[in-house]
Asker: 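My questions will all concern the structure given below.
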Amino acid sequence: MVATCQCTTAPTTPSGQSPETYTFPSSRLARTLSDPSKTPLVLVACGSFSPITHMHLRMFEMAVDHVRQNMADEYEVVAGYISPVSDRYNKAGLASAAHRIRMCELACDQTSDWLMVDAWEAIQPAYQPTAVVLDHFGAEINGALGGIAPYEGAPKSEYRQARISLLCGADLLMSMLPGVWSTADLDHILGTYGLFCIERSGSSVAEALAQLKELNPDWVRNIHTIRQLIPNDISSTSIRQFLRNGLSVHYLLPWCVIEYIRYHGLYLDEAKEKRPSSMPPLNRNGKGKAVEGRAA
């Protein structure tokens with residue numbers, strides 16, 4: 001996966017997608033494996049992305065390196081997706097979904113040749129738990145598109161089901177505890193899909209893994225920890241603080257995103273960014289009180 005930098009003046013119109021006009025992005029999805037013996041792997045990062053930073057983009061590159069160096073006999077990465085959370089997720093500093101989608105699109109379009117932004121989660125009228133979002137990707141890629149061809153010209157009957165996996169930082173993994181996440185969704189995410197976790201300073205991955213292992217040893221087998229060889233602790237929270245204090249954010253996030261933030265005057269007034277709470281319980285059946293954490 002080779003990233004390119006072609007940042008130009010950022011378009012000034014936020015994305016106007018709606019549930020009625022939504023189409024699943026697949027232009028950069030590799031529809032055919034380069035090695036027919038491997039399982040196609042799709043990496044999905046869910047979070048606020050308010051705003052998207054270089055660290056969010058680096059997570060995907062680190063995950064691809066990890067797969068190539070440690071899992072090359074089994075998997076081939078065929079796509080990477082960024083899925084911004086909807087406006088119904090009550091979190092301080094959350095710019096509107098339209099702005100966050102557009103910033104993510106600019107970052108992916110102008111700095112990468114393989115990452116994509118899926119707006120489905122962000123444009124839903126109700127909050128969607130991570131487990132449901134991963135189900136959505138599975139339905140689109142393995143259902144609607146039929147999976148990934150093992151070789152050019154392969155009949156549909158031979159298409160492979162892609163492995164959908166969550167990509168996140170250690171802070172999100174640390175939050176994966178009963179009472180914060182529902183046990184049913186933890187089992188669905190870690191049991192069915194698996195997780196690639198980027199270590200972050202200040203977060204104890206070993207401690208989080210030990211706690212999850214006590215709940216279900218099978219979950220831990222599906223968690224792949226990725227060590228940062230060059231520490232990078234850029235966070236959206238810090239970016240928002242810098243902007244409110246009039247500090248430079250150059251080289252912390254793509255230039256096209258900086259231009260977009262400037263043009264629309266985002267993150268200058270924290271009070272304007274607060275939204276009324278409407279986030280439902282985590283459980284997909286609507287029961288329970290657990291509320292899942294999300295990445296910055």
Side-chain angles (χ1 to χ4, degrees), residues 3-22 25 45-60 81-112 115-128 133 168-169 171-172 232-279 293-296:
T4 58
C5 184
Q6 301 173 348
C7 286
T8 57
T9 302
T12 56
T13 304
S15 298
Q17 295 190 66
S18 68
E20 294 73 29
T21 61
Y22 168 81
C46 300
S48 302
F49 303 105
S50 189
I52 188 170
T53 71
H54 282 309
M55 180 57 194
H56 292 131
L57 300 168
R58 277 292 302 162
M59 286 171 56
F60 286 92
Y81 285 96
I82 289 173
S83 180
V85 73
S86 80
D87 287 339
R88 312 308 286 181
Y89 184 71
N90 184 40
K91 182 175 182 179
L94 195 67
S96 72
H99 283 311
R100 289 182 290 110
I101 292 169
R102 190 64 188 133
M103 286 188 283
C104 289
E105 288 174 341
L106 288 168
C108 291
D109 291 347
Q110 299 188 24
T111 70
S112 173
L115 296 178
M116 291 171 282
V117 181
D118 181 29
W120 181 85
E121 179 186 1
I123 62 177
Q124 295 305 304
Y127 171 78
Q128 302 297 314
V133 176
C168 70
D171 50 348
L172 186 65
N232 182 344
D233 292 324
I234 300 172
S235 72
S236 297
T237 301
S238 297
I239 295 296
R240 295 193 300 270
Q241 291 173 343
F242 273 40
L243 290 168
R244 282 194 292 271
N245 293 330
L247 301 177
S248 170
V249 293
H250 285 200
Y251 312 113
L252 298 177
L253 55 162
W255 176 250
C256 48
V257 175
I258 294 175
E259 286 191 318
Y260 187 92
I261 290 171
R262 285 177 174 171
Y263 185 90
H264 291 281
L266 302 179
Y267 307 119
L268 298 179
D269 187 346
E270 185 176 11
K272 291 181 180 179
E273 297 163 4
K274 292 182 178 178
R275 302 180 180 279
S277 177
S278 59
M279 188 171 68
R294 280 301 182 101

Asker: If you measure from CE on M59 to SG on C168, what distance do you get to the nearest 0.5 Å?
Answerer: 6.0 Å
Asker: Output all residues satisfying side chain to side chain donor-acceptor pair (under 3.5 Å) with R262, sequence neighbours left out; order by chain, then residue number.
Answerer: H250
Asker: Output all residues satisfying side chain to side chain donor-acceptor pair (under 3.5 Å) with S248, sequence neighbours left out; order by chain, then residue number.
Answerer: none
Asker: Run the numbers on L266 and M103 for side chain to side chain contact (heavy atoms under 4.5 Å, CB included), then give the verdict.
Answerer: CA-CA 11 Å; L266 302 179; M103 286 188 283; 4.0 Å; yes
Asker: Minimum heavy-atom separation for P84 to D118, with atom names?
Answerer: CD-O, 3.6 Å
Asker: Check whether any side-chain N or O of Q110 sits under 3.5 Å from a backbone N or O of C108 as a donor-acceptor pair, and report yes or no.
Answerer: no
Asker: Within the distance-only criterion (no hydrogens, no angle test), does the side chain of S238 pair as donor or acceptor with the backbone N or O of I234 below 3.5 angstrom?
Answerer: no
Asker: Could you tell me whether the side chain of V85 reaches within less than 4.5 Å of the side chain of S48, counting heavy atoms only?
Answerer: yes
Asker: Check whether any side-chain heavy atom of E121 sits under 4.5 Å from a side-chain heavy atom of C46, and report yes or no.
Answerer: yes
Asker: If you take all heavy atoms of L253 and I261, which pair is closest and at what distance?
Answerer: CD1-CD1, 3.8 Å
Asker: So which heavy atom on Q124 is nearest to which on R88, and how close?
Answerer: O-CG, 4.3 Å
Asker: Might you confirm whether atom OH of Y22 has over 12 heavy atoms from other residues, nucleotides or ligands at distances under 6.0 Å?
Answerer: yes
Asker: Could you tell me the separation between the CD1 atom of I101 and the CD1 atom of I82, rounded to the nearest 0.5 Å?
Answerer: 12.0 Å
Asker: Closest approach of H99 and A95, non-hydrogen atoms and distance?
Answerer: CB-CB, 4.5 Å
Asker: Under 3.5 Å, is there a donor on one side chain and an acceptor on the other for Y251 and H54?
Answerer: no
Asker: If you define the side chain from C-beta out and look only at heavy atoms, does anything of Y267 sit under 4.5 Å from I239?
Answerer: no
Asker: Identify the two heavy atoms, one from A122 and one from A97, that lie closest to each other, and give their separation to 0.1 Å.
Answerer: O-CB, 3.6 Å
Asker: Side chains of V117 and F49: does their closest heavy-atom pair fall under 4.5 Å?
Answerer: no
Asker: Fit a plane to each ring of Y127 and Y89, take the angle between them on a 0 to 90° scale, and name the class: parallel (under 30°), tilted (30 to 60°) or perpendicular (over 60°).
Answerer: parallel
Asker: Would a 4.5 Å heavy-atom cut-off, applied to side chains only, mark S236 and H56 as touching?
Answerer: yes
Asker: When you compare the side chain of E105 with that of I52, does any pair of heavy atoms fall below 4.5 Å?
Answerer: no
Asker: I'd like to check L57 versus S112 (side-chain heavy atoms, cut-off strictly below 4.5 Å). Are they in contact?
Answerer: no
Asker: Which heavy-atom pair separates L268 from R244 by the least distance, and what is that distance?
Answerer: O-CG, 3.8 Å
Asker: How about S50 and R240: do any of their side-chain heavy atoms sit closer than 4.5 Å?
Answerer: yes
